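Below is one structure, written out as structure tokens; comments come after it.
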Amino acid sequence: MSSITAPFSTATGPDVKVRFCPSPTGTPHVGLIRTALFNWAYARHTGGQFLFRIEDTDAERDSEESFDQILDALGWLGLNWDEGVNVGGPAEPYRQSERGHIYQEVIEKLKASGHIYESFLTGEEIDERNKAAGRAVQLGYDNSERDSTEEQRAAYRAEGRSPALRLRVPEVDITFTDLVRGEITFPAGSFPDFVVVRPNGQPLYTLVNPVDDALMGVTHVLRGEDLLSSTPRQIALYNAMYEAGITQFIPQFGHLPYVMGEGNKKLSKRDPQANLFHHRDRGFIPEGLLNYLALLGWGLSADQDIFTMDELAAAFDVKNVNPNPARFDQKKADAINAAHIRLLSAEDFKSRLLPYLQSAGVVGVTLTANEQAILDAAAPLIQERLVVLSEAPDLLSFLFKTADQISIDTDALDGMPENVAEVLTAAIAALQGIGENEFKTEPVQAALNHALIEVLGLKPRFAFGPLRTGISGRRISPPLFESMEILGRTETIARLEAFARTV
RNA sequence: GGUCCCAUCGUUUAGCGGCCUAGGACACCGCCCUCUCACGGCGGCAGCACGGGUUCAAAUCCCGUUGGGAUCACCA
């Protein structure tokens with residue numbers, strides 16, 4: 001029987017074309033996004049093309065909602081593509097559900113060249129044959145119809161059966177060099193002739209995925225390691241397409257390690273951490289999430305964990321991807337995100353914050369001048385205190401309220417010293433001594449320091465704790481004196497007086 | 001069961017035969033800074049799965065063992 005004669009792609013630079021081709025089922029998974037990211041990064045690194053295609057050949061499971069979510073995800077993350085869905089290109093259309101006629105042509109060619117053949121046996125019959133021959137049923141199909149005669153096929157048809165189409169797999173060892181794992185060989189006979197077209201004429205993923213990659217000129221297939229064992233099948237199919245004149249080369253393959261959850265399980269779709277939008281809702285910024293995801297199986301250098309997308313693109317090579325699976329560590333992800341939040345310019349940070357404040361109802365959909373002023377002053381106070389943006393509403397809401405809307409948390413109350421009333425009285429008196437226009441951070445701090453630390457001889461912790469609780473209702477808040485300045489003299493004193501009446 | 005993949009601190013990684021008494025980051029624990037919380041600074045804890053070989057020399061190469069995982073669909 002024939003061997004593998006098709007050459008592998010030799011593309012290395014701008015001639016590289018990678019692709020991201022998800023099935024629109026369910027919500028985008030972080031593992032899926034990591035795959036998209038590495039493909040994107042490789043394209044940007046080599047100066048090649050990044051293609052985006054949708055594999056929606058399974059009408060049962062695919063949904064338009066999921067399709068929209070994938071677009072939403074890529075858009076949010078800034079993973080832009082050069083060819084494909086919504087962008088177009090030479091191989092349109094880019095949704096497999098619209099490419100049926102293209103597959104039919106390929107199927108005809110493969111039939112004509114004898115690479116695929118009709119198979120009438122049902123799954124049950126295949127099991128029966130294995131049992132009868134004393135073979136394990138896991139062995140699957142025995143290739144028994146490879147050379148069936150026209151009479152045999154006619155007989156099946158006479159029974160009203162329609163054939164599936166199977167690829168005639170060459171009986172040779174199949175070897176390829178995995179970009180992340182090195183040379184891998186699958187011995188001849190590792191898998192049987194597999195179905196590529198259903199009896200109803202619908203082509204399967206096993207056909208459609210390599211066909212599209214071939215027709216679209218994909219040179220590098222970077223995908224999850226769950227597809228590793230289907231690679232020799234695809235190489236066999238590529239070889240058939242090569243011999244049938246449909247393609248010129250086999251792409252290079254690189255199988256990316258799994259993203260695991262706790263323990264040794266793949267991060268399950270049910271796990272909230274697996275859901276990209278869960279992280280967005282929590283207030284991850286794209287830079288942070290992408291940076292963390294890149295760290296799952298890859299590193300920029302020995303001593304730098306925080307990097308930009310530009311740095312990633314400049315340095316990324318699949319060859320440096322680690323083959324072993326990585327666990328998704330929320331704490332590390334959080335830390336990376338926090339670092340990126342700190343890296344944002346003040347303006348940028350503010351604009352990222354706004355949606356979270358709005359959806360929490362802290363500010364209105366359109367900001368009033370007052371809200372804008374408070375936000376401008378308050379945002380810098382919390383930028384280095386946030387791990388995720390969704391923490392902001394809780395931290396800032398007190399600044400947007402009035403004295404009568406402040407409620408005191410019990411854990412804040414628990415930390416109050418014995419002499420809280422005395423502290424408040426002294427503080428109020430000190431603050432009243434400051435003019436409305438002089439009510440800034442520095443004078444406020446000076447006045448309170450004098451009245452509470454120097455005169456009353458209090459420890460700063462016990463002096464300022466009651467004030468913090470009084471104005472914010474919280475045990476933890478943004479810096480105290482800055483917060484007072486934002487609130488202004490009248491509001492600050494009103495809150496302290498209100499709090500004093502309750503203790 | 002067949003085939004394939006994987007194996008360095010708790011996690012993620014550096015390491016691609018001598019620069020390793022194994023480096024960084026996160027986490028954790030101290031200390032400093034400090035109005036809370038953070039940030040920042042300093043220090044600490046902690047790892048080459050096991051066994052053979054090759055070599056003057058092995059975390060690094062080879063073999064085996066063990067342990068994980070994937071896949072064997074008319075899903076993708």
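Since the model is a prediction, treat every value here as computed from it, not as a measurement. So that the names make sense, note that chain A is the first sequence line, chain B the second, and so on, each numbered from 1.
- Between A:Asn337 atom CG and B:A25 atom C1' the separation is 16 Å, expressed in whole Å.
- Checked by distance alone, A:Arg461 brings no side-chain donor or acceptor within 3.5 Å of a matching partner on the base of B:C35.
- Atom CG in A:Asp303 sits roughly 13 Å away from atom P in B:G23 (whole-Å rounding).
- In this structure, the ring of A:Tyr292 has its center less than 6.0 angstrom from the ring center of A:Phe328.
- Aromatic ring centres of A:Phe307 and A:Trp298 lie closer together than 6.0 Å.
- Between the CG atom of A:Leu480 and the C1' atom of B:A38 there is a distance of 15 Å, given to the nearest Å.
- Within 4.0 Å (heavy atoms only), A:Tyr258 reaches sugar-phosphate atoms of the nucleic acid but no base atom.
- The phosphate of B:U12 (OP1 or OP2) has a side-chain N or O of A:Arg327 nearer than 4.0 angstrom.
- Scanning atom types as modelled, no donor and acceptor separated by under 3.5 angstrom connect the side chain of A:Lys266 and the base of B:A70.
- An OP1 or OP2 oxygen of B:G40 is reached within less than 4.0 angstrom by a side-chain nitrogen or oxygen of A:Arg342.
- Within the 4.0 angstrom heavy-atom criterion, only backbone atoms of the sugar-phosphate kind lie near A:Arg181; the bases stay farther away.
- Ring centroids of A:Phe176 and A:Phe8 are separated by 6.0 Å or more, keeping the two rings apart.
- In terms of phosphate contacts, A:Asn324 brings a side-chain nitrogen or oxygen within less than 4.0 Å of OP1 or OP2 of B:U8.
- For A:Asn322 and B:A14, the shortest distance from a side-chain N or O to OP1 or OP2 is below 4.0 Å.
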